[in-house]
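The structure appears below as structure tokens.
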Amino acid sequence: MKKNFSFGTNEIIIPQQFYLQNSISLAKKLLGKILVRNLPNGKQYFIITETEAYFGEKDKACHCRKGKTPRTEVMYKQGGTIYVYLIYGMYWMLNIVSGKKNHPEAVLIRGIQKINVENNKISLGKLYDGPGKTGKILQINKKDFNGKNIYDTSTNLYIIDTPFEIEMSIKRTPRIGINYAGKPWTEKLWRFIAEINI
DNA sequence: CCAGTGATCAGG
DNA sequence: CTGATCACTGGA
């Protein structure tokens with residue numbers, strides 16, 4: 001399915017205020033939004049297909065369960081701040097801090113799908129299903145992104161409103177890779193997966 | 001199933 | 001300083 005469309009002036013950056021909501025509703029609302037990555041060889045567009053919410057110090061799955069440390073410090077900033085960390089020595093995880101200042105919540109971006117743009121026609125491309133694959137294709141690293149703002153274009157990574165009609169169905173599951181957290185945190189349905197058609 | 005790979009943090 | 005652990009992935 002292809003649709004006539006050109007990004008161009010249709011880039012409406014989602015304002016910082018959007019990120020002040022709690023991480024669970026933000027995780028849901030980020031689905032279907034467009035992640036823009038501006039690289040030397042051109043802008044690339046991805047639609048967000050999978051997210052996971054982490055909900056502050058009381059959430060035993062959240063990095064902030066141990067309070068403020070050098071790593072988790074950025075999660076205490078206001079919503080819209082980018083939180084990046086390396087896992088298993090290989091994979092850069094991209095998170096968006098949510099909520100007000102000193103509410104250490106975040107949304108992990110776990111999956112994105114490429115939007116192909118060709119002669120003003122758009123179509124869905126390759127799916128990157130997993131946070132490691134997502135960080136790799138977006139060329140995420142800590143130095144360039146950790147502590148920066150996702151609503152600021154100067155990092156060449158930002159999120160815009162979905163500028164065309166989409167069909168989307170959403171599923172929820174428990175979060176992945178957090179068995180150390182124990183109940184009830186392992187059972188919370190805080191992973192959101194979207195199936196998208198354009 | 002399991003190895004790879006290095007930041008992070010608690011404990012001496 | 002040491003050692004265990006880890007919000008993962010790809011290949012037997």
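Every chain is numbered from 1, with letters handed out A, B, ... down the list of sequences. For the numbers below, each heavy atom of this structure counts, side chains included, while hydrogens, waters and symmetry mates do not. Remember, predicted model here, so these are calculated numbers, not experimental data.
A/L86 places its CG atom 6 Å from the C1' atom of B/dA7, with the value rounded to the nearest Å. Taking atom CE of A/M90 as the reference point, atom C1' of C/dG11 lies 13 Å away to the nearest angstrom. Summarising the geometry, the separation between CZ on A/R65 and P on C/dC6 is reported as 7 Å, rounded to the nearest angstrom. Between the OH atom of A/Y180 and the C1' atom of C/dC6 there is a distance of 8 Å, rounded to whole Å. Look at CG on A/N95: it is 15 Å from C1' on B/dA7, rounded to the nearest Å. Note: OH (A/Y128) to C1' (C/dG10) measures 16 Å, nearest angstrom. Between the OH atom of A/Y88 and the P atom of C/dA4 there is a distance of 16 Å, rounded to whole Å. We find that CD1 of A/I87 is positioned 6 Å from P of C/dC8, with the value rounded to whole Å.
Using a 4.0 Å cut-off on heavy atoms, the residues of residues 100-115 of chain A that approach DNA chain C are A/L108, A/R110, listed by number. Taken residue by residue, residues 45-64 of chain A places heavy atoms nearer than 4.0 Å to DNA chain C at A/Y54, A/A61, A/H63.
Here A/K136 does not reach the OP1 or OP2 of C/dT9: none of its side-chain N or O atoms lies under 4.0 Å away.
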Exercise answer: donor-acceptor pairs, residues 19-35 of chain A side-chain atoms, under 3.5 Å, sequence neighbours excluded:
{"from": "A/Q21", "atom 1": "OE1", "to": "A/S25", "atom 2": "OG", "distance (Å)": "3.0"}
{"from": "A/Q21", "atom 1": "OE1", "to": "A/K29", "atom 2": "NZ", "distance (Å)": "3.4"}
{"from": "A/Q21", "atom 1": "NE2", "to": "A/F18", "atom 2": "O", "distance (Å)": "2.9"}
{"from": "A/N22", "atom 1": "OD1", "to": "A/I24", "atom 2": "N", "distance (Å)": "2.9"}
{"from": "A/N22", "atom 1": "OD1", "to": "A/S25", "atom 2": "N", "distance (Å)": "3.1"}
{"from": "A/S23", "atom 1": "OG", "to": "A/Y54", "atom 2": "O", "distance (Å)": "3.1"}
{"from": "A/S23", "atom 1": "OG", "to": "A/E105", "atom 2": "OE1", "distance (Å)": "3.4"}
{"from": "A/S25", "atom 1": "OG", "to": "A/N22", "atom 2": "O", "distance (Å)": "3.3"}
{"from": "A/K33", "atom 1": "NZ", "to": "A/K29", "atom 2": "O", "distance (Å)": "2.9"}

Review item, side-chain donor-acceptor pairs of residues 187-198 of chain A, under 3.5 Å, at least two apart:
{"from": "A/R191", "atom 1": "NE", "to": "A/E50", "atom 2": "OE2", "distance (Å)": "2.8"}
{"from": "A/R191", "atom 1": "NH1", "to": "A/T173", "atom 2": "OG1", "distance (Å)": "3.3"}
{"from": "A/R191", "atom 1": "NH2", "to": "A/E50", "atom 2": "OE2", "distance (Å)": "3.0"}

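Between A/K133 and A/D129, at least one side-chain N (NZ, or NE/NH1/NH2) sits under 4.0 Å from a carboxylate O, which counts as a salt bridge.
The side chain of A/K133 approaches C/dG10 more closely than any other nucleotide in the set C/dG10, C/dC6, C/dC8.
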Enumerate the protein-to-nucleotides 8-10 of chain B contacts in which both atoms are nitrogen or oxygen and the separation is below 3.5 Å.
{"from": "B/dT8", "atom 1": "OP1", "to": "A/K142", "atom 2": "NZ", "distance (Å)": "2.4"}
{"from": "B/dC9", "atom 1": "OP1", "to": "A/T69", "atom 2": "OG1", "distance (Å)": "2.3"}

> Where each pair must be Watson-Crick or G-U wobble with both distances under 3.5 Å, what dot-bracket representation of DNA chain C is obtained, with crossing pairs in [ ] and other-strand partners as |?
Replying inline: ||||||.||||.
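Nucleic acid contact for A/M93: sugar-phosphate only, since backbone atoms but no base atoms lie under 4.0 Å from a heavy atom of the residue. At the heavy-atom level, A/G89 lies under 4.0 Å from base atoms of the strands shown.
A/Y83 and A/H63 are linked by a side-chain donor-acceptor pair at a separation below 3.5 angstrom, with hydrogens and angles left out of the test.
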